[in-house]
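Notes follow once the structure below has been shown.
Keep in mind that this is a model prediction, so the values were computed, not measured.
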Amino acid sequence: MTDDTRRRLLHWASGVMVVLGAGHLMALVAITGWSELTTWFDEGLWAAVPFLERGTPPTVASLHTAVAFWSGLGSFAVPLVLLGLLIRHAAGHGTAVPAVIGWALIGWFLLAGVLLGPSPFFAGIVPGVLVVLATRKPDREPG
């Protein structure tokens with residue numbers, strides 16, 4: 001495998017990760033609305049974790065605020081976009097990306113897809129496979 005092929009595989013992997021992460025955030029904003037997603041910010045940063053207040057059970061409203069945070073900015077989407085950008089940067093500089101990153105993505109998305117059922121989680125297996133393929137050793141010259 002040539003360095004150009006390796007770089008192309010990593011660029012595709014990073015593109016898929018950025019699209020999945022950004023798409024998750026955009027879909028969430030479209031479905032829920034920006035005002036509901038920022039409720040946790042208006043009530044204070046600890047509103048995202050309603051179980052921290054001792055002595056008072058969480059209310060339905062506080063749980064709704066927590067769900068809004070953890071399904072948006074607190075979800076996998078932000079780290080996935082950042083990892084995709086990091087892989088793109090590494091590929092652009094010719095830095096190797098360890099195969100364990102690809103295997104971890106495959107495992108994470110496979111497990112989440114199985115637990116969640118039919119969902120876009122299975123699409124996340126693609127960048128994991130591309131990262132693993134990009135780590136393969138170069139083909140040997142015959143002779």
Side-chain angles (χ1 to χ4, degrees), residues 1-54 57-142:
M1 175 178 304
T2 65
D3 285 341
D4 190 44
T5 303
R6 189 179 324 275
R7 187 174 292 126
R8 193 171 27 252
L9 287 172
L10 291 175
H11 276 251
W12 273 102
S14 69
V16 171
M17 286 188 275
V18 169
V19 166
L20 284 174
H24 174 77
L25 291 174
M26 288 188 293
L28 188 67
V29 169
I31 292 169
T32 325
W34 188 252
S35 62
E36 285 198 35
L37 290 177
T38 58
T39 304
W40 63 269
F41 189 73
D42 294 337
E43 294 178 7
L45 294 178
W46 292 113
V49 191
F51 301 103
L52 290 179
E53 295 182 27
R54 295 184 186 249
T59 64
V60 172
S62 68
L63 291 175
H64 183 66
T65 299
V67 167
F69 172 77
W70 291 112
S71 62
L73 290 178
S75 72
F76 74 94
V78 175
L80 189 63
V81 169
L82 293 174
L83 180 61
L85 294 174
L86 179 65
I87 288 175
R88 178 168 295 258
H89 179 76
H93 290 319
T95 305
V97 176
V100 70
I101 299 296
W103 287 114
L105 286 170
I106 291 168
W108 177 39
F109 281 114
L110 186 63
L111 178 65
V114 167
L115 292 175
L116 195 59
S119 71
F121 263 112
F122 289 113
I125 294 171
V126 172
V129 169
L130 292 174
V131 169
V132 170
L133 289 175
T135 62
R136 293 179 59 208
K137 297 200 185 297
D139 295 333
R140 293 185 181 189
E141 295 289 324

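- The CG atom of Leu10 lies 10.0 Å from the OG1 atom of Thr95; values are rounded to the nearest 0.5 Å.
- At a threshold of 4.5 Å between non-hydrogen side-chain atoms, the residues Val16 and Leu20 count as touching.
- Of all heavy-atom pairs between Thr135 and Pro98, the closest is CG2-C, 4.0 Å.
- Atoms CG and CD1, from Leu9 and Ile87 in turn, are 12.0 Å apart once rounded to the nearest 0.5 Å.
- Scanning both residues, Ala77 and Gly21, for their nearest heavy atoms gives CB-O, 3.4 Å.
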Inset, instruction - Quick one: do Leu110 and Phe122 satisfy side chain to side chain contact (heavy atoms under 4.5 Å, CB included)? Show the steps, please. - result: CA-CA 6 Å; Leu110 186 63; Phe122 289 113; 4.0 Å; yes
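- With values rounded to the nearest 0.5 angstrom, Leu111 atom CG is found 10.5 Å from Leu116 atom CG.
- Note: Phe76 and His24 have tilted aromatic rings, judged against thresholds of 30 and 60 degrees for the angle between ring planes.
- Although no hydrogens or angles enter the test, the distance criterion places a donor-acceptor pair under 3.5 Å between the side chain of Arg6 and the main chain of Arg136.
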Legend entry - Pair Val18-Arg88, side chain to side chain contact (heavy atoms under 4.5 Å, CB included): steps then yes or no: CA-CA 10 Å; Val18 169; Arg88 178 168 295 258; over 6 Å; no
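- Here the options are Val132, Val131, Ile125, Val126, the test is side-chain contact (heavy atoms from CB on, under 4.5 Å), and the partner is Val129; only Ile125 passes.
- Heavy-atom neighbours of Trp103 CH2 from other residues, nucleotides or ligands within 6.0 Å: at or below the threshold of 12.
- Closest of all the heavy-atom pairs between Ala13 and Pro127 is O-CB, 3.5 Å.
- In this structure, Ser14 and Gly84 approach most closely via the heavy-atom pair CB-O, 2.9 Å.
- Taking the charged nitrogens against the carboxylate oxygens, Asp4 and Arg8 do have a contact shorter than 4.0 Å, which makes a salt bridge.
- Of the residues Leu80, Val81, Val78, the one that meets the side-chain contact (heavy atoms from CB on, under 4.5 Å) test with Leu25 is Val78.
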